[in-house]
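In what follows, a single structure is set out as structure tokens and then discussed.
Bear in mind that the values here come from a model prediction, so they are computed numbers and not experimental data.
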Amino acid sequence: MKRTKEYTISFAGLNSGKHDFSFSAGKSFFESFAYGEIKNGDIKVNLCLFKESNMMRLEFGFSGYANIQCDRCADMFDLNVKGSNRQIVKFDIQKTEANEEIFIVESSESEIDLSHYIYESIHLLLPQKRLHPGGKCNKTAVRKLAELTGEKKFKNGDPRWAALKGIKL
């Protein structure tokens, strides 16, 4: 990912208090990450930055859609994405190890690039199982998948389980 000014905030000149920013993550944003699973989308990112003398609190809000691949039929579809995330940015003399909640920035720095954090946050909002909403999968692909996996429909249940019905515990 190349660094862009579009997702960079210059915090050095900001007064203490609340500051609002908005960003848009579209096709060019997602394509700038070489190996991402989202290749297209339109997600609005609202940021409330609360600046204090020794730290900043970032509260993100995400809403829009991401074009992703269905896990069942492999067709692309638009998935609604909505959620929020928080990040704390602390100022220190030198950049040290941080964790998921706290990001350390050197005191000498005057700006922060949020593009990678936005990208990761959007991916964390995606569900584990990504399927077309309402079962609108490609019927040909689903039928072929069922044929290849040997999935069969039985009227009175699967006869392979019939012997277990008689077991009394």
Query raised in the report: If you count the non-hydrogen atoms of other residues, nucleotides and ligands that lie under 6.0 Å from NZ in Lys39, is the total more than 12?
Result: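 More than 12 heavy atoms, drawn from other residues, nucleotides or ligands, come within 6.0 Å of this atom.
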**Report entry** Arg130 atom CZ, neighbour heavy-atom count above 12 within 6.0 Å
**Finding:** yes
Out of curiosity, [X] [atom1] to [Y] [atom2], how far, rounded to the nearest 0.5 Å?
X	Y	atom1	atom2	answer
Ile68	Ile38	CD1	CD1	7.0 Å
Ile122	Tyr117	CD1	OH	11.5 Å
Glu6	Thr8	CD	OG1	9.5 Å
Glu59	Leu47	CD	CG	9.0 Å
Asp78	Asn67	CG	CG	5.0 Å
Cys70	Asp75	SG	CG	7.0 Å

Query raised in the report: Hey, what's the ring geometry for Phe62 with Phe60, parallel, tilted or perpendicular (30° and 60° as the breaks)?
Result: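 Correct class here is parallel.
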Report task. Hey, can you tell me if Tyr119 and His123 have their rings parallel, tilted or perpendicular (30° and 60° cut-offs)? Result ->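 The rings of Tyr119 and His123 sit tilted, inter-plane angle from 30° to 60°.
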How about [X] and [Y]: do any of their side-chain heavy atoms sit closer than 4.5 Å?
X	Y	value
Phe21	Cys48	no
Asp42	Lys44	yes
Ser121	Val45	no
Phe50	Met55	no
Ile43	Phe30	yes
Leu114	Ile9	yes
Lys18	Asp20	yes

Query raised in the report: When you check the gap from the basic side-chain N to the acidic O, do Lys90 and Glu52 get nearer than 4.0 Å?
Result: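 Salt bridge absent between Lys90 and Glu52.
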Requested in this report: Determine the minimum heavy-atom distance between Arg72 and Val142, stating which atoms define it.
Outcome: CD-CG2, 3.8 Å
Report summary line: In short, Leu125 meets Gly83 closest at the heavy-atom pair CD2-CA, 3.9 Å
Query - Positive for side chain to side chain contact (heavy atoms under 4.5 Å, CB included) with Leu58, one of Asn85, Ile88, Leu49 - result: Leu49
Between [X] and [Y] (side chain of the first, backbone of the second, donor and acceptor by atom type, cut-off under 3.5 Å), is there such a pair?
X	Y	value
Lys51	Phe11	yes
Tyr7	Ser24	yes
Gln69	Met76	no

Query - ILVMFWY cluster, Tyr65 and Phe23 together (side-chain gap under 4.5 Å) - result: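 Cluster IDs for Tyr65 and Phe23 differ.
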Query raised in the report: Linking I/L/V/M/F/W/Y whenever any side-chain heavy atoms sit under 4.5 Å apart, do Leu131 and Val81 land together?
Result: no
**Report entry** CA sep, side-chain torsions, deciding dist, call: Asn46, Ser22, side-chain hydrogen bond (donor to acceptor under 3.5 Å, both in side chains)
**Finding:** CA-CA 5 Å; Asn46 295 313; Ser22 62; 4.8 Å; no
